[in-house]
Peer 1: 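Once you've had a glance at the structure underneath, I'll fire off some questions.
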Amino acid sequence: MGRCGPAGPEGACRKFAVKGEAEPVIVKLGVWVSNTKSRRDKLIADPLAALAKLGVGWA
C-alpha cells in the first residue's frame with residue numbers, strides 16, 4: 001500500500017492490473033471502504049463473512 005497522487009500524499013491506495021486496461025487502476029482505500037460500507041446490504045454472504053473475520057465492525 002502506498003500514497004498516491006502526483007503532487008503529494010492523498011491517502012492510502014493500491015494499484016491493480018485490470019485485464020483490458022493499459023495502465024494499472026488506482027483504488028483509494030478510503031473510497032473503497034466507504035463504497036463497500038454503503039452497499040453492504042447488496043453484498044453476498046462470503047465477502048461479508050471475510051470482512052467480519054478481518055474485524056470490520058459493520059460487516
Peer 1: Are the side chain of S38 and the backbone of N35 linked by a donor-acceptor contact shorter than 3.5 Å?
Peer 2: yes
Peer 1: Going only through I, L, V, M, F, W and Y residues with side-chain contacts under 4.5 Å, is there a path from W32 to F16?
Peer 2: yes
Peer 1: Going from CZ on R14 to NZ on K28, what distance comes out if it is rounded to the nearest 0.5 angstrom?
Peer 2: 16.0 Å
Peer 1: Of the non-hydrogen atoms in R40 and L48, which two are nearest, and what is the gap between them?
Peer 2: O-CD1, 3.9 Å
Peer 1: Same cluster or not: V18 versus V31, using hydrophobic residues (I, L, V, M, F, W, Y) connected whenever any side-chain heavy atoms lie under 4.5 Å apart?
Peer 2: no
Peer 1: Please name the pair of heavy atoms, one in W58 and one in V33, separated by the smallest distance, quoted to 0.1 Å.
Peer 2: CZ2-O, 4.3 Å
Peer 1: I need the minimum non-hydrogen distance between A59 and A52, along with the two atoms involved.
Peer 2: CB-N, 3.6 Å
Peer 1: So if you build clusters from Ile, Leu, Val, Met, Phe, Trp, Tyr with side-chain heavy-atom gaps below 4.5 Å, do V27 and V56 land together?
Peer 2: yes
